[in-house]
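Input: a single structure, listed below in structure tokens.
Throughout, numbering of the chain's residues begins at 1 and tracks the sequence. The basis for the numbers below is simple: all heavy atoms, side chains too, and nothing from hydrogens, waters or symmetry mates.
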Amino acid sequence: MKNILARGGVEFLAVLLGITASLWIDKNQKESEIELDRINVHQLIEGEISEIIQFTDKRLDYYNNQNANIIFLFENYNTFNTDEIEGADQLIYDIFTTGTYMYNPNLSIFDALKNDGRYNLIDGEIRKKLNEYNMLMDYIKKIESNENKARGVLLNYISTNHPDVHFKYPHSRSLQSDGTSINFLKILENTRSDKTVWSLLSRKCRLTRSRNNRVKWAKEMLVSIKEKIIAVNINNKALN
């Protein structure tokens, strides 16, 4: 009887040890898989951030020129002659446009990581910085939306209060015989005695420059995030 019990005890211990070992192996495998996922996620984010920085640099090159043209126009608002301005077409495009050069980087990888739950694998400090960047992105979009509305208010005012000028120089940027599209600059030249036009245009352009300045902040945040990701990736390589 004692031998049977002893034999049963040994078998029980063997089963228990087998189960324990199996659970330990499974746990280690899962931890290993999670760690590999973590490394992969950080590599994906580093690539995404690098692409966003390149996109942001291109936007900032345009925004710097746009800011310069806005400053030029307001410094010469009471005296400029459209026909004498070199590059008048680009100048007014910088002043008038709202949609073409919006700040809209591709965030598809971030969205995918959020959708499949892997976003939580990102280093906590990096995740915090990414959330701050997303908050800034939301604010930039709000500024761009307000800028577009401000342009609409300006155009409605001009069409209502200066219909003759509006009729003579349609603001649709229709091509002129010389290939330029300077109608809106002509409108400003022929309505500059109306200070409301100046005021509405000034609000639209202040919003433009506000967006441009915040994209500079976004660039600084992105560089900081990339530096942190590189440090994490180097540490991951050292550990593995």
Side-chain angles (χ1 to χ4, degrees), residues 55-105 107 132-176 180-222:
F55 170 84
T56 302
D57 283 338
K58 291 179 181 178
R59 280 292 189 264
L60 286 175
D61 286 342
Y62 173 78
Y63 294 159
N64 289 335
N65 293 330
Q66 186 179 45
N67 286 343
N69 277 331
I70 289 173
I71 292 171
F72 172 84
L73 178 65
F74 280 94
E75 286 182 345
N76 298 276
Y77 192 83
N78 293 319
T79 59
F80 77 85
N81 183 329
T82 301
D83 296 331
E84 296 177 355
I85 295 177
E86 183 178 352
D89 182 57
Q90 185 60 49
L91 183 147
I92 201 53
Y93 186 76
D94 288 345
I95 305 299
F96 183 73
T97 189
T98 56
T100 305
Y101 288 103
M102 295 176 69
Y103 184 65
N104 52 353
L107 303 175
E132 291 173 354
Y133 174 76
N134 287 331
M135 290 175 63
L136 180 58
M137 280 289 299
D138 290 340
Y139 191 59
I140 288 172
K141 290 177 182 177
K142 183 177 180 180
I143 293 174
E144 290 178 331
S145 176
N146 288 336
E147 179 196 8
N148 197 46
K149 292 176 182 176
R151 185 179 80 155
V153 172
L154 170 62
L155 295 178
N156 287 336
Y157 178 85
I158 289 173
S159 63
T160 300
N161 295 276
H162 300 280
D164 292 339
V165 177
H166 187 204
F167 178 79
K168 186 176 181 180
Y169 303 107
H171 62 67
S172 60
R173 296 185 77 246
S174 302
L175 291 177
Q176 307 301 303
T180 61
S181 48
I182 57 176
N183 279 1
F184 191 66
L185 195 56
K186 285 285 189 179
I187 289 175
L188 295 180
E189 183 179 350
N190 285 275
T191 61
R192 60 182 160 209
S193 61
D194 186 338
K195 299 308 179 185
T196 300
V197 173
W198 181 94
S199 179
L200 294 175
L201 178 65
S202 177
R203 169 168 170 72
K204 189 269 180 195
C205 290
R206 282 199 306 272
L207 288 165
T208 302
R209 295 187 67 189
S210 179
R211 184 274 312 281
N212 296 351
N213 288 333
R214 279 162 178 78
V215 173
K216 291 180 182 179
W217 297 354
K219 167 66 182 301
E220 293 173 0
M221 294 176 68
L222 289 165

### Query
Between Val197 and His162, is a side chain to side chain contact (heavy atoms under 4.5 Å, CB included) present by the stated rule, with each step listed?
CA-CA 10 Å; Val197 173; His162 300 280; 4.2 Å; yes
### Query
Going through the checks in order, is the side chain to side chain contact (heavy atoms under 4.5 Å, CB included) test met by Asn156 and Val153?
CA-CA 5 Å; Asn156 287 336; Val153 172; 5.7 Å; no
### Task
Check the pair Ile158, Leu200 against side chain to side chain contact (heavy atoms under 4.5 Å, CB included), reporting the backbone distance first and the verdict last.
CA-CA 10 Å; Ile158 289 173; Leu200 294 175; over 6 Å; no
### Task
Apply side chain to side chain contact (heavy atoms under 4.5 Å, CB included) to the pair Trp198 and Leu188, showing each step before the final yes or no.
CA-CA 8 Å; Trp198 181 94; Leu188 295 180; over 6 Å; no
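When every heavy atom of Ile140 is checked against every heavy atom of Val215, the shortest pair comes out as CD1-CG2, 4.0 Å. Asp57 approaches Lys219 most closely through the heavy-atom pair OD1-NZ, 2.7 Å. A pairwise comparison of heavy atoms in Ile92 and Ile182 identifies CG2-CA, 4.2 Å as the closest pair.
Between Arg214 and Leu136 there is a side-chain heavy-atom pair separated by less than 4.5 Å. The shortest side-chain heavy-atom distance between Leu185 and Phe96 does not fall under the 4.5 Å cut-off. Inter-residue side-chain proximity for Gln66 and Arg211 is flagged as met; some heavy-atom pair is nearer than 4.5 Å. Between Lys216 and Asn64 the shortest side-chain heavy-atom distance falls below 4.5 Å. A heavy-atom distance below 4.5 Å is not found between the side chains of Asn104 and Met137. The shortest distance between side-chain heavy atoms of His166 and Asn183 does not fall below 4.5 Å.
Residue Lys168 holds its NZ atom at 11.5 Å from CD1 of Ile187, rounded to the nearest 0.5 Å. Interatomic distance, Tyr169 OH to Thr82 OG1, rounded to the nearest 0.5 Å: 8.0 Å. Interatomic distance, Trp217 CH2 to Tyr133 OH, rounded to the nearest 0.5 Å: 14.5 Å. Atom CD1 of Ile143 sits about 10.0 Å away from atom OG1 of Thr208, to the nearest 0.5 Å.
A donor-acceptor pair shorter than 3.5 Å cannot be found between the side chains of Asn213 and Tyr63. Residues Asn148 and Glu144 have side chains that never bring a donor and an acceptor to within less than 3.5 angstrom of each other. In this structure, a donor-acceptor pair under 3.5 Å is present between the side chains of Ser202 and Arg206. Judged by distance alone, the side chains of Asn69 and Gln90 never bring a donor and an acceptor atom under 3.5 Å apart.
Here Ser199 pairs with nothing under the side-chain hydrogen bond (donor to acceptor under 3.5 Å, both in side chains) rule; sequence neighbours left out. Residues passing the side chain to side chain contact (heavy atoms under 4.5 Å, CB included) test with Asn78 are Lys195, sequence neighbours excluded. Annotation: side chain to side chain contact (heavy atoms under 4.5 Å, CB included) contacts of Asp138 (sequence neighbours excluded): none. For the ring pair (Phe, Tyr, Trp, His ring centres under 6.0 Å) test, residues two or more places apart in sequence or in another chain that qualify with Tyr62 are Tyr101. Partners of Arg209 according to the side chain to side chain contact (heavy atoms under 4.5 Å, CB included) rule, which considers only residues two or more places apart in sequence or in another chain, are Asn67, Ile70, Ile71. Residues passing the side chain to side chain contact (heavy atoms under 4.5 Å, CB included) test with Phe72 are Asn76, Ile85, Leu91, sequence neighbours excluded.
Side-chain atoms of Lys204 come within 3.5 Å of backbone N or O of Ile95 as a donor-acceptor pair. At distances below 3.5 Å, not a single donor-acceptor pair connects side-chain atoms of Glu147 with backbone N or O atoms of Leu207.
Under the 30°/60° scheme for interplanar angles, the aromatic rings of Tyr103 and Phe55 are found to be tilted.
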